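Owing to the predicted nature of the structure, the values given are computational and were not obtained by experimental measurement. The figures here come from the full heavy-atom set of this structure, side chains too, leaving out hydrogens, waters and symmetry mates.
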Amino acid sequence: MLNEYGDIRFTAETTLGKLAKWLRILGFDTVCQAGVSGERFINSTGEDRILLTRTKKVQSRGKGHKLVFIKSNDPLEQVREVLQALGVGAADTRLFSRCTRCNILTRPVDKDTVRSRVPDYVWETNPTFQICSRCRRIYWPGSHIKRSNEIIEHFFST
Ligand SMILES: [Zn+2]
C-alpha cells in the first residue's frame, strides 16, 4: 500500500535537495546524496525506494524502480508533483517527525531540557519538542521554515 505512512521512501537526485528537504519535513524518508548522478544514481539505491529525477536518461534506464519524473523548477511545485503522482494526502504525512538534515526520525525531548536552546516565545507557546539524536537539532511545529503551515496547505490544495 503506497499511501500508508512509512512505506513511501525516496531517493532524490542531487539537484533536488530542496525537494528532499520538504519531503523530510512531511515525514518521508528521503535520501539525497551529493554528486551522485546518472547510472550511479540508479544503482545507489534499492528498489524499495522511489527515484525522484529530472534526468531523461535516468527516466529511461531506471527500469525496475518506481520513479517520478520531476518537471517543475520550483521546489514547492516539485513537492506537489510528487504528492499528486503517488496520490499522497495530508493524512499520509507526519510533519516535523524527521530531521531535515540527517533524514532520521526525531524523538520527543523533555521540554525543560530545551529551555535555553530555543527562543523564549517558542518555549512558552509550544507544548512539545523533538530532537535529532544525531545532530541534536531541536524541532517544534513550524520550526526553521517560516509560514510552513501555509505552504503545506498549498501542497494539498487542488
Ligand atoms: Zn539531525
Minimum side-chain heavy-atom gap E13-Q33 below 4.5 Å: no

Donor-acceptor pair, side chain of T55 and main chain of K57, under 3.5 angstrom: no

In one Ile/Leu/Val/Met/Phe/Trp/Tyr side-chain cluster, 4.5 Å: F96, L83: yes

Side chain to side chain contact (heavy atoms under 4.5 Å, CB included) between L26 and V79, worked out: CA-CA 10 Å; L26 295 173; V79 177; 3.9 Å; yes

Test item: E81 and L76 side chains (from C-beta on) under 4.5 Å apart, heavy atoms: no

ILVMFWY cluster, L52 and V58 together (side-chain gap under 4.5 Å): no

Joint hydrophobic cluster, F69 plus L16, side-chain heavy atoms closer than 4.5 Å: no

Nearest atoms (heavy-atom pairs only) where R54 meets S72: NH2-O, 3.5 Å

Rounded distance (nearest 0.5 Å) linking atom CH2 of W140 with atom CD of Q130: 12.5 Å

Interatomic distance, Q84 atom CD to E77 atom CD [nearest 0.5 angstrom]: 8.0 Å

For Y139 against R101, the heavy-atom pair lying closest together: OH-N, 4.1 Å

T11 vs I50 side-chain heavy atoms within contact, under 4.5 Å: no

CZ-CG distance between R9 and N103, expressed to the nearest 0.5 angstrom: 9.5 Å

N-O pairing of R80 and D74 below 4.0 Å: no

Where T106 and C99 come nearest, the two heavy atoms and their spacing: CG2-N, 3.7 Å

Side chains of T14 and V36 in contact at under 4.5 Å (non-hydrogen atoms): no

Contact check, side chains of C132 and I104, non-hydrogen atoms, under 4.5 Å: yes

Heavy-atom closest contact (C32 atom, G17 atom, distance): SG-CA, 4.0 Å

Flag side-chain contact, heavy atom, 4.5 Å: F156 against T93: yes

Matching residue for I70 among T15, L19, T53 - test: side-chain contact (heavy atoms from CB on, under 4.5 Å): L19

For L23 against F10, the heavy-atom pair lying closest together: CD1-CD1, 3.9 Å

CA sep, side-chain torsions, deciding dist, call: I42, R61, side chain to side chain contact (heavy atoms under 4.5 Å, CB included): CA-CA 8 Å; I42 298 170; R61 293 191 186 172; 3.8 Å; yes

Minimum heavy-atom distance between I8 and F28, given as atom pair plus value: O-CD2, 3.8 Å

Flag side-chain contact, heavy atom, 4.5 Å: T45 against L51: yes

Charged N-O contact under 4.0 Å between D29 and R24: no

Sidechain-backbone polar pair: N126 side chain, V122 backbone, donor-acceptor under 3.5 Å: yes

Side chain to side chain contact (heavy atoms under 4.5 Å, CB included) evaluation trace for V31 with R49: CA-CA 9 Å; V31 171; R49 285 180 183 270; 3.5 Å; yes

Single-linkage hydrophobic cluster, 4.5 Å side-chain cutoff, I25 and V68 together: yes

Gap separating the CZ atom of R107 from the CG atom of L105, nearest 0.5 angstrom: 12.0 Å

Full working for side chain to side chain contact (heavy atoms under 4.5 Å, CB included) between K111 and F129: CA-CA 6 Å; K111 186 171 169 169; F129 292 87; 3.9 Å; yes

